[in-house]
Asker: 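Here it is: the structure, laid out below.
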Amino acid sequence: MAEDIESDFKQIKISRLTLGLIMSVAVTSGVIVWNAAQVAGRISELEQTVNRVEADMGDLNFETDPTILIRIGDLEEKIDELASMDHNAELMSRIAELEEWHDELDRDNGEEFRWEIEDLHHRSYAFEEALRSRTWGDEILREFFGW
């Protein structure tokens with residue numbers, strides 16, 4: 001029974017493209033979560049600063065400049081916007097985009113991509129050989145590549 005389970009697991013194969021796609025989704029998710037945590041930290045620091053300024057201004061007995069009050073009001077509105085923002089929306093849209101890209105690559109089975117890379121390789125080889133057929137081109141390539 002245990003040998004059957006072990007042989008079943010050995011038969012599972014995942015392509016490198018799928019693993020790469022999974023890793024890119026994981027890295028993208030990590031970056032977005034990290035950035036969201038940084039933004040949340042900045043928002044909380046900004047909110048503490050605004051509260052401190054308001055408390056300090058309440059202690060003072062002179063009139064405050066209206067432009068400062070307008071600016072504080074704008075900052076409070078921005079804080080409210082950032083607090084109500086859906087942080088997962090960007091992540092979900094990127095995941096959907098990656099899934100579409102994966103489906104597209106899976107549908108083509110990579111044949112077109114391989115053909116394009118081989119074509120680029122042959123073109124670069126032909127270009128290099130054309131340059132090397134001239135003495136000035138050969139000298140330039142030796143100087144640039146060092147061989």
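Model, not experiment: these values are computed from the prediction.
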Asker: Is there a path from F144 to F127 through hydrophobic residues (I, L, V, M, F, W, Y) whose side chains come within less than 4.5 Å of each other?
Answerer: yes

Asker: Below 4.5 Å, heavy atoms only, C-beta onward: do E100 and E97 meet side chain to side chain?
Answerer: no

Asker: Determine whether R132 and R142 make a side-chain contact, defined as any pair of heavy atoms from C-beta on separated by less than 4.5 Å.
Answerer: yes

Asker: Roughly how far, to the nearest 0.5 Å, is the CD1 atom of I95 from the OG1 atom of T28?
Answerer: 8.5 Å

Asker: Cut-off 3.5 Å, no hydrogens considered: what does the side-chain donor-acceptor table look like for residues 33-52, sequence neighbours left out?
Answerer:
| from | atom 1 | to | atom 2 | distance (Å) |
| --- | --- | --- | --- | --- |
| N35 | ND2 | V31 | O | 3.4 |
| T49 | OG1 | E45 | O | 2.9 |
| N51 | ND2 | E47 | O | 3.3 |

Asker: Under the side chain to side chain contact (heavy atoms under 4.5 Å, CB included) rule, collect the residues that match up with I22, sequence neighbours excluded.
Answerer: T18

Asker: Applying salt bridge (Lys or Arg N to Asp or Glu O under 4.0 Å), which residue pairs with at least one partner in residues 115-124 are found, sequence neighbours left out?
Answerer: D119-R123

Asker: Given side chains that start at C-beta, do those of S29 and V25 come closer than 4.5 Å, heavy atoms only?
Answerer: yes

Asker: Quick one: does D138's side chain get under 4.5 Å of L131's, heavy atoms only?
Answerer: no

Asker: Can you list the residues that meet the salt bridge (Lys or Arg N to Asp or Glu O under 4.0 Å) rule with R134, with sequence neighbours excluded?
Answerer: none

Asker: List for me each residue that meets salt bridge (Lys or Arg N to Asp or Glu O under 4.0 Å) alongside E129, sequence neighbours excluded, and say none if there are none.
Answerer: none

Asker: Got a second to check how far E99's CD is from R94's CZ, nearest 0.5 Å?
Answerer: 14.5 Å

Asker: Under a single-linkage definition using a 4.5 Å side-chain heavy-atom cutoff for Ile, Leu, Val, Met, Phe, Trp and Tyr, are F145 and I140 assigned to the same hydrophobic cluster?
Answerer: yes

Asker: Are W136 and L141 co-members of a hydrophobic cluster defined by side-chain heavy atoms under 4.5 Å apart?
Answerer: yes

Asker: Given E76 and E54, is the side-chain contact (heavy atoms from CB on, under 4.5 Å) satisfied, shown in steps?
Answerer: CA-CA 12 Å; E76 287 177 347; E54 284 180 347; 2.8 Å; yes

Asker: Could I get the full list of side chain to side chain donor-acceptor pair (under 3.5 Å) partners for R71, not counting sequence neighbours?
Answerer: none

Asker: Taking atom OG1 of T67 and atom CG of D74, what is their separation to the nearest 0.5 Å?
Answerer: 11.0 Å

